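Report on one structure; see the data block that follows.
Reminder, nothing fancy here: chain letters follow the sequence lines and each chain counts from 1. Remember, predicted model here, so these are calculated numbers, not experimental data.
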Amino acid sequence: MQYWLIKSEPNVYSWEMLVQEGSTCWSGVRNYQARNNLRLMRSGDLALHYHSNIGKEIVGIAEVVREAYPDPTAEGDPNWVCVDVAPKQAFVRPVRLEDIKAEPRLQKMELIRQSRLSVVSVREDEFNLLCAMGEMA
DNA sequence: GCCAACGTTGGC
DNA sequence: GCCAACGTTGGC
């Protein structure tokens, strides 16, 4: 089982919309490194859902329910893929970027090191700590 | 609104 | 293959 963090701007696609829809295709990724991460996702993997720009916080956990397939928004361009995700559990208390930056044990997160990448992997210890910070554990 | 950090594009 | 110019993301 692998852990991930996926970003969306909440005014484009928010956690609330994901909860409302039940599941969605995580489409629109147009960066090769992020695409490679999408391809590595397996059904059952868990992904922290992060709101970029507005909020700047992790708001919940989504589960991968369908592995990589051609991105329907890519207009036939075979380079780009998406996965399907479903909401698994909401954070009681969203974990802000500010909180992550203030936590010494999270300084090595890819989220911090490569802030522009929209799909990044998360280590298990980081994932567990973030869940505890979100009051999930 | 600005800027840092990347990515991409295209001329050479 | 290099690099300048430009575009994008996302934090501040």
Salt bridge (Lys or Arg N to Asp or Glu O under 4.0 Å) involving A:K88 - partner list, sequence neighbours excluded: A:E63
Applying the 4.5 Å side-chain criterion to the ILVMFWY set and letting contacts propagate, would A:V119 and A:I100 be lumped into a single cluster? no
Does a sphere of radius 6.0 Å around CZ in A:R93 hold more than 12 heavy atoms from other residues, nucleotides or ligands, not counting ones at 6.0 Å or beyond? no
Starting from C1' on B:dG7, measure out to CD on A:Q114 and report it in whole angstrom. 11 Å
Rounded off to whole Å, could you give me the CG-to-C1' distance for the A:N31 and B:dA5 pair? 12 Å
Please list each protein N or O that sits under 3.5 Å from an N or O in nucleotides 8-12 of chain C, with the distance.
| residue | atom | partner | partner atom | Å |
| --- | --- | --- | --- | --- |
| C:dT8 | O2 | A:R116 | NH1 | 2.5 |
| C:dG10 | OP1 | A:R116 | O | 3.4 |
| C:dG11 | OP1 | A:Y50 | OH | 2.8 |
| C:dG11 | OP2 | A:N53 | N | 3.0 |
| C:dC12 | OP1 | A:K101 | NZ | 2.6 |

Going by an N to O cut-off under 4.0 Å, is there a salt bridge joining A:K56 and A:E98? no
Those residues at least two apart in sequence (or on a different chain) that pass side-chain contact (heavy atoms from CB on, under 4.5 Å) with A:A90 are A:W15
